[in-house]
Amino acid sequence: MANSKSIRLRVLQGDAIAFGPGKAALLLAIHQSGSISAAARSLGMSYRRAWLLVEAMNQCFKLPLVATATGGAKGGGAQVTASGHEVIARYQAMQSKAEAAVAADMAYFDALMAAPGNPPAN
């Protein structure tokens, strides 16, 4: 969006967040690095947090979104599966549609909201 305000979609499975902006960013980082630990470092999160997010995603979907290989002589690694790539693409399309659908309303809110760090005068 052109303004600083945004919406964030989350796909819920019961009370669990099956997919959202943070998990999308993690999948993209895993795709780029081939590693959960490298992806976590690039996003400024702990390996444990990244691993728990990957586990949660893989449990929420019928097919895993991330495939992992145990480390060893040849090293470990992780890769985003075909299902993971499909989920990322669909999520990004949903986000774009949602932003377009509420663009006028977001412009309205943007006009009413104070700039960050500049509280309104009383």
Side-chain angles (χ1 to χ4, degrees):
M1 293 181 77
N3 60 40
S4 62
K5 312 308 180 266
S6 65
I7 59 170
R8 292 179 178 235
L9 292 180
R10 286 175 175 74
V11 179
L12 302 176
Q13 182 188 51
D15 292 335
I17 299 172
F19 206 76
K23 290 178 178 172
L26 178 59
L27 282 189
L28 291 170
I30 291 169
H31 172 70
Q32 291 173 346
S33 67
S35 161
I36 294 172
S37 60
R41 278 191 303 275
S42 74
L43 296 172
M45 73 172 63
S46 71
Y47 172 78
R48 177 169 168 68
R49 175 79 176 134
W51 179 253
L52 291 173
L53 291 173
V54 167
E55 276 191 329
M57 285 186 280
N58 282 347
Q59 289 174 1
C60 285
F61 289 87
K62 289 181 180 179
L63 296 173
L65 304 189
V66 176
T68 59
T70 304
K74 295 184 180 182
Q79 62 180 325
V80 178
T81 64
S83 294
H85 285 291
E86 291 173 17
V87 167
I88 293 167
R90 182 60 62 104
Y91 178 80
Q92 289 172 332
M94 288 170 48
Q95 183 71 32
S96 294
K97 288 178 192 175
E99 288 172 356
V102 300
D105 296 313
M106 291 301 286
Y108 172 81
F109 278 103
D110 194 44
L112 294 177
M113 297 176 91
N118 292 336
N122 287 332

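Here, residue 1 is the first one in the sequence, and each next residue gets the next number.
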S.K.: Can you confirm whether M57 sits close enough to L27 that some side-chain heavy atom of one is under 4.5 Å from a side-chain heavy atom of the other?
M.R.: yes
S.K.: Is there a donor-acceptor contact under 3.5 Å linking the side chains of T81 and S83?
M.R.: no
S.K.: Do V54 and I30 make a side-chain contact, defined as non-hydrogen atoms from C-beta onward lying under 4.5 Å apart?
M.R.: yes
S.K.: Write down the atom of G20, the atom of Y91, and the distance for their closest heavy-atom approach.
M.R.: C-OH, 3.4 Å
S.K.: Can you tell if the side chain of I88 reaches within under 4.5 Å of the side chain of H31, non-hydrogen atoms only?
M.R.: no
S.K.: If you measure from NZ on K97 to CG on L9, what distance do you get to the nearest 0.5 Å?
M.R.: 11.0 Å
S.K.: Please report the shortest heavy-atom distance between R8 and P21, naming the atom on each side.
M.R.: NH1-CG, 3.9 Å
S.K.: Does Y108, at its OH atom, have more than 12 non-hydrogen atoms belonging to other residues, nucleotides or ligands within less than 6.0 Å?
M.R.: no
S.K.: Do you know which two heavy atoms are closest between V66 and A78, and how far apart they sit?
M.R.: CG1-CB, 4.0 Å
S.K.: Under 4.5 Å between any side-chain heavy atoms of L28 and Q92, yes or no?
M.R.: yes
S.K.: Let's go through I17 and V11 carefully: what are the C-alpha distance in whole Å and the side-chain angles of both, what is the deciding distance for side-chain contact (heavy atoms from CB on, under 4.5 Å) to 0.1 Å, and is it a yes or a no?
M.R.: CA-CA 6 Å; I17 299 172; V11 179; over 6 Å; no
S.K.: Rounded to the nearest 0.5 Å, how far apart are CD of Q13 and CZ of F19?
M.R.: 13.5 Å
S.K.: Please determine whether residues M94 and V80 belong to a single hydrophobic cluster, defined as Ile, Leu, Val, Met, Phe, Trp and Tyr linked transitively by side-chain heavy-atom distances below 4.5 Å.
M.R.: yes
S.K.: Shared ILVMFWY cluster between L26 and Y47, side chains joined below 4.5 angstrom?
M.R.: yes
S.K.: Are there over 12 heavy-atom neighbours, none belonging to E55, within less than 6.0 Å of that residue's CD?
M.R.: yes
S.K.: At what distance, to the nearest 0.5 angstrom, does CZ of R48 lie from CH2 of W51?
M.R.: 11.5 Å
S.K.: Can you tell me how far apart CZ (R90) and CD (Q95) are? Round to the nearest 0.5 Å.
M.R.: 14.5 Å
S.K.: Are any non-hydrogen side-chain atoms of L53 and M45 less than 4.5 angstrom apart?
M.R.: yes
S.K.: Report yes if some heavy atom in the side chain of N58 is under 4.5 Å from a heavy atom in the side chain of L65; otherwise report no.
M.R.: yes
S.K.: So which heavy atom on I7 is nearest to which on A98, and how close?
M.R.: CD1-CB, 3.6 Å
S.K.: Identify the heavy atoms of A29 and L43 that sit nearest to each other, and give their distance.
M.R.: CB-CD1, 4.0 Å
S.K.: Report the distance from atom CG of L52 to atom OG of S46, rounding to the nearest 0.5 Å.
M.R.: 7.5 Å
